[in-house]
Amino acid sequence: MIRTLMLTALLLAPSALAAENSKPQPVPFVDTIPVARDTPYPGTISLDIDATDTRRGIFSVKERVPVSGGGHLVLLFPKWLPGNHSPTGQIEKLAGLKITAGGKPIAWKRDQVDVYAFHVEVPKGARAIDIALQFLSPTAGNQGRIVMTPEMLRLQWNSMSLYPAGYFTRQIPVEAIVRYPEGWTAASGLPSTAQGSVYRYQRTDYETLVDSPVLAGRYYKAFPLTPRVTLDVVADSPDQLAATPEQIDAHRNLVEQSVKLFGAQHYDNYHFLLSISDRIGGIGLEHHRSSEDGVGLGYFTDWANSTPARDLLPHEFTHSWDGKFRRGADLWTPDYRTPMRDSLLWVYEGQTSFWGYVLQARSGLVSKQDTLDSIALLMAGLENTKGRDWRPLGDTTNDPTIAQRRPKGWTSWQRSEDYYIEGMAVWLEVDGIIRRQTGGAKSIDDFARGFFGINDGDWGEVTYDFDDVVAELHKLVPVYDWRQMLTQRLTETGAPPPLAGLIALGYRLTYTDTPTGYFRAVEKERKRTDLASSIGVVIGKDGDIAGVIWDSAAFKAGLTVGGTITAVDGLAYTPDRLKAAIAAAKATKEPIALLVRQGDRIEERPVDYHDGLRYPRLAKIGTGDAGLDHLLAAK
């Protein structure tokens, strides 16, 4: 017994207890990727792309990169993409990478830290290396956005090329050739000459090349809008190209109203690259001399119902001034490896959203009433953004990097890229302040002309910071504290949505039990039933719950994304049946009885809500034309 106690004591002795677990130290790494320098690259890269394998969606690439003798070379695949504001280069779709010099293979090694970088030891005496690779574009929606079908394709140069590290991309000369399927036509902001199906593009720099995507297809039509601007349309079938003269006039008015607004043009030529398709992925992406625009079928042929899609072109065209020419200083980068910082997206995207809706009304592309109704829907979305309680607007500018547009379960609480719409609300407030402080003598039009309309014909980039924005506003209203106002809007939490601009411009957000025509069109286009402003739920096809507003009646009833509403008050679910139940509940204290399936579990979910159907619209304050009426009027 004594020996047992002694053994136990020894086991518990301090020396035994002091034994430590193994503790490794980190393996250091040295960044051997050259930093970009603003110096010319010695030679011109040649790029040869075969884009004819439309059935399998394979782009085959041959690239020649001049080199000066042997030594270490780092090749980069573009990572941080302009317009995406995030590290979303599709490196996972690059395949078949082989590098040779003088016909002999060269081994490559991917960087262990930056997987977008490839290290190569170039043989002594080599004057060029040859690269072969494929870009395996998505063939199904779960692989990403489909960019190639048997009828059309979108070619983004950044997805199918490598560039040498150590240089500003504007200093790397490139010549490109693309082979398209026979009988196709290709359009781009980068000029080209065509011999049959082979297009030879104008020699340019790599930065401009990446900023000059291509839309090509079997069924193509060009609509000249002005001597410098063209609407290039490719569709799934030729009937979708049938635009009326009045429809084209509205697009022509868009260009004319934009030029009147900004007072300058920052392109030598501009191309709206518009796809009309239910097969290729939709897109809205800005470039300096073009925009990638993708809408569903019926853009022209079902004009009465395509209203929600017609805010796309005004938005992307505005980006030629706001975002491409004037760009946040911390967002501009010398190459596609340097991280972008998105702190000024409330200007880049927020004011672009603002002008997009203004210009759609001024041009007649969308009626004034539909524009008012669209603004009402957007502002109602702000009222349903419960995440404003904890997350400020300024922090949402980090969302392109944080979330990269991946789905969220509780968007109204987590927040998303709210710098678009809340940023728009801030600029409505700015316009209201300018008009009030100057007695209507000035407006935000004057800001646009002064800030974006400089250097006519310049399609480089002029950067700005927060102080530059404040300084431009001070030119219009020197006595107002713009710094304090903007800082408050970017940093505040727990405050009501910033709808003061609407009030100042003569309108207020209100709700009725009848949806506007625009609201119905949005529901139809998105194939959803939007009850966000009533019980707090958005429902997709077959009763699938697509969204639940945080802390709403639906939230309190336990509804969540991924569930399916199968019955309403004991009857099989239909959108009209649920709407009728919501309306009827206004006159009773009984909850709305929902049967909800979540996985394998089916449960009753009573929704305690009695305020009836609520659909947003704007109501005029007073009589006569108000500030918002003047803002939306053609100039």
Side-chain angles (χ1 to χ4, degrees), residues 250 253-254 257-258 260-262 307 310-311 314-315 318 350-383 420-451 472-473 476-477 479-482 485-486 488-489 495-512 514-519 522 533 614-635:
N253 291 341
L254 168 61
Q257 286 293 318
S258 299
K260 283 184 179 180
L261 168 65
F262 296 113
T307 306
R310 298 204 295 272
D311 68 351
H315 181 102
T318 297
Q351 194 169 157
T352 293
S353 294
F354 172 92
W355 286 121
Y357 285 96
V358 169
L359 288 168
Q360 73 175 27
R362 289 186 183 182
S363 65
L365 197 59
V366 175
S367 71
K368 176 186 174 183
Q369 187 57 54
D370 281 337
T371 299
L372 290 171
D373 293 341
S374 64
I375 293 172
L377 179 57
L378 296 172
M379 297 304 109
L382 286 185
E383 290 202 327
Y420 279 91
I421 304 310
E422 191 165 333
M424 175 181 172
V426 170
W427 290 107
L428 281 166
E429 186 175 4
V430 167
D431 187 39
I433 293 169
I434 295 173
R435 291 176 189 272
R436 184 182 68 242
Q437 293 286 332
T438 64
K442 294 180 181 179
S443 72
I444 197 169
D445 285 54
D446 297 285
F447 174 87
R449 193 168 294 107
F451 199 69
E472 191 66 38
L473 289 169
L476 303 176
V477 185
V479 297
Y480 192 79
D481 192 346
W482 293 108
M485 177 264 180
L486 293 175
Q488 180 178 342
R489 292 292 172 262
L499 303 183
L502 278 179
I503 302 296
L505 295 174
Y507 283 82
R508 61 184 175 85
L509 179 64
T510 187
Y511 295 87
T512 69
T514 305
T516 63
Y518 179 83
F519 191 98
V522 170
S533 294
R614 299 176 76 244
Y615 296 103
R617 63 179 68 227
L618 297 186
K620 192 81 169 282
I621 301 172
T623 60
D625 285 346
L628 189 55
D629 300 307
H630 293 299
L631 179 65
L632 300 181
K635 306 305 179 189

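Distance check, rounded to the nearest 0.5 Å: OH of Y518 to CG of L377 gives 6.5 Å. Atoms OG1 and CG, from T516 and D373 in turn, are 4.0 Å apart once rounded to the nearest 0.5 Å. With rounding to the nearest 0.5 angstrom, the CG atom of L378 is 10.0 Å from the CG atom of L428. The distance from atom CG of L499 to atom CE of M379, rounded to the nearest 0.5 Å, is 7.0 Å. Summarising the geometry, atom CG belonging to N253 is positioned 9.0 Å from atom CG belonging to L365; distances are rounded to the nearest 0.5 Å. Note that the CZ atom of F354 and the CD1 atom of I375 stand 8.5 Å from one another [nearest 0.5 Å].
One finds no salt bridge joining R436 and D431 here, because no Lys/Arg side-chain nitrogen approaches an Asp/Glu carboxylate oxygen to under 4.0 Å. A salt bridge between D370 and R310 is absent, with no side-chain N of the basic residue lying under 4.0 Å from a carboxylate O of the acidic one.
Taking 4.5 Å as the limit, some side-chain heavy atom of K635 sits within range of a side-chain heavy atom of Q257. Two residues are said to be in side-chain contact when any heavy atoms from C-beta on lie closer than 4.5 Å; W482 and V430 meet this criterion. Looking at V426 and M485, their side chains come closer than 4.5 Å, going by heavy atoms from C-beta outward. The closest side-chain heavy-atom distance from Y507 to I503 is not below 4.5 Å.
The two residues I434 and V477 have their closest heavy-atom pair at CA-CG2, 4.1 Å. For the pair A633 and R362, the tightest heavy-atom approach, listed with the atom from each and the gap, is O-CG, 3.4 Å. The heavy-atom pair separating T438 from L476 by the smallest distance is CG2-O, 4.0 Å.
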From CA spacing to verdict: side chain to side chain donor-acceptor pair (under 3.5 Å), S533, E383: CA-CA 9 Å; S533 294; E383 290 202 327; over 6 Å; no
E422 vs R489, salt bridge (Lys or Arg N to Asp or Glu O under 4.0 Å): CA-CA, chis, key distance, verdict: CA-CA 9 Å; E422 191 165 333; R489 292 292 172 262; over 6 Å; no
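Classified by interplanar angle (parallel below 30°, tilted 30° to 60°, perpendicular above 60°), the ring pair F447/W427 is tilted.
A donor-acceptor pair shorter than 3.5 Å cannot be found between the side chains of R617 and T510.
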